[in-house]
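Here the structure is laid out as structure tokens; the discussion comes afterwards.
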Amino acid sequence: CSSDLPLPGTPRLPNGKANLTAPVPRAGGRPDLSGVWAAVADRTDVSPTSVSIDRNRAAGNIAVGVPGGAPLTPWAQELRAARQKERSLSMPTARCLPSGIPPDMLRPTLPFKIVQASGVTVILLEEFNNWRQILTDGRSLPPPSQPAWFGYSIGRWDGDTFVVQTTGFNDQTWLDGGGTPHSEDLHLTEKFRRTDHGHMEIEYTFEDPKRSEEHTSELQSHLNLVCR
């Protein structure tokens, strides 16, 4: 969708700008998630160089809005405190390594592109030119093997909601900029819902018995289509 580039299939308002509230586009009877997306900024920070930077609160704290915060085990509390004491010097991006999921999808300044096709949905991430592959050919999650930065993902449709299950993570990524950790036992569920042409929401559910005393914590983050 673009107000400047006349992409085919983009609905327009009388003034020529993209109509972001137009109906959800569909492909094969399903919502088409394809497009360039970025997290909604719900705050603005000012950098040391006095440059305003759009932020999403969940990027800094994955449990924002959760009463009492994330239900962390003592192991997870100790590790997060150590990371915060280091002022994030040990975060993966400081070593040019992937941020992981969901941080790579929660930055308003770093959009990502979804390409929805038969049998697979691909997410192209701007940071470090990384990508995710979500297989939708009916297979099950593979047994634990070699841990990966973005894990191994399968997807299915539940009505108009695209449900993605991911396991097989390594334990090197952070769940947010505050250093919230996870283990290799993390099971991530994402629910993608495109609400109209220009808006989508994703609900993340984390299950990790080593990280969370209650095993499950939830976050819902709203994403907007980025117009170029």
Are the side chains of Leu125 and Arg107 in contact, using a 4.5 Å heavy-atom criterion? no
Can you find a heavy atom in the side chain of Thr121 that is under 4.5 Å from one in the side chain of Leu135? no
Please write out which residues are connected to Val163 in a hydrophobic cluster, directly or through intermediates, given that two of Ile, Leu, Val, Met, Phe, Trp, Tyr count as joined at side-chain heavy-atom separations below 4.5 angstrom.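 Taking Ile, Leu, Val, Met, Phe, Trp and Tyr as members, Val163 stands alone, with no cluster partners.
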Glu78 atom CD: more than 12 heavy-atom contacts under 6.0 Å: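 No - once you tally the heavy atoms of other residues, nucleotides and ligands closer than 6.0 Å, there are 12 at most.
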Look at atom CZ of Arg95 and say whether more than 12 heavy atoms of other residues, nucleotides or ligands are closer to it than 6.0 Å. yes
Sequence-distant partners of Gln172, side-chain contact (heavy atoms from CB on, under 4.5 Å), two or more places apart: Trp149, Asn170
Residues forming a side-chain hydrogen bond (donor to acceptor under 3.5 Å, both in side chains) with Arg156, sequence neighbours excluded: none
For a quick check under 3.5 Å, do His187 and Thr166 share a side-chain donor-acceptor pair by atom type?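 Not at all, the side chains of His187 and Thr166 share no donor-acceptor pair under 3.5 Å.
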Examine the side chains of Thr189 and Gln165 and answer whether a donor and an acceptor come within less than 3.5 Å of each other. yes
So Arg194 and Glu201, salt bridge (charged side-chain N to carboxylate O under 4.0 Å, His left out) or not? Walk me through it. CA-CA 6 Å; Arg194 189 167 186 169; Glu201 63 182 25; over 6 Å; no
Which of these passes salt bridge (Lys or Arg N to Asp or Glu O under 4.0 Å) with Asp160: Arg30, Arg26, Arg193, Lys191? Arg26
At what distance, to the nearest 0.5 angstrom, does OG1 of Thr167 lie from CG of Leu141? 4.0 Å
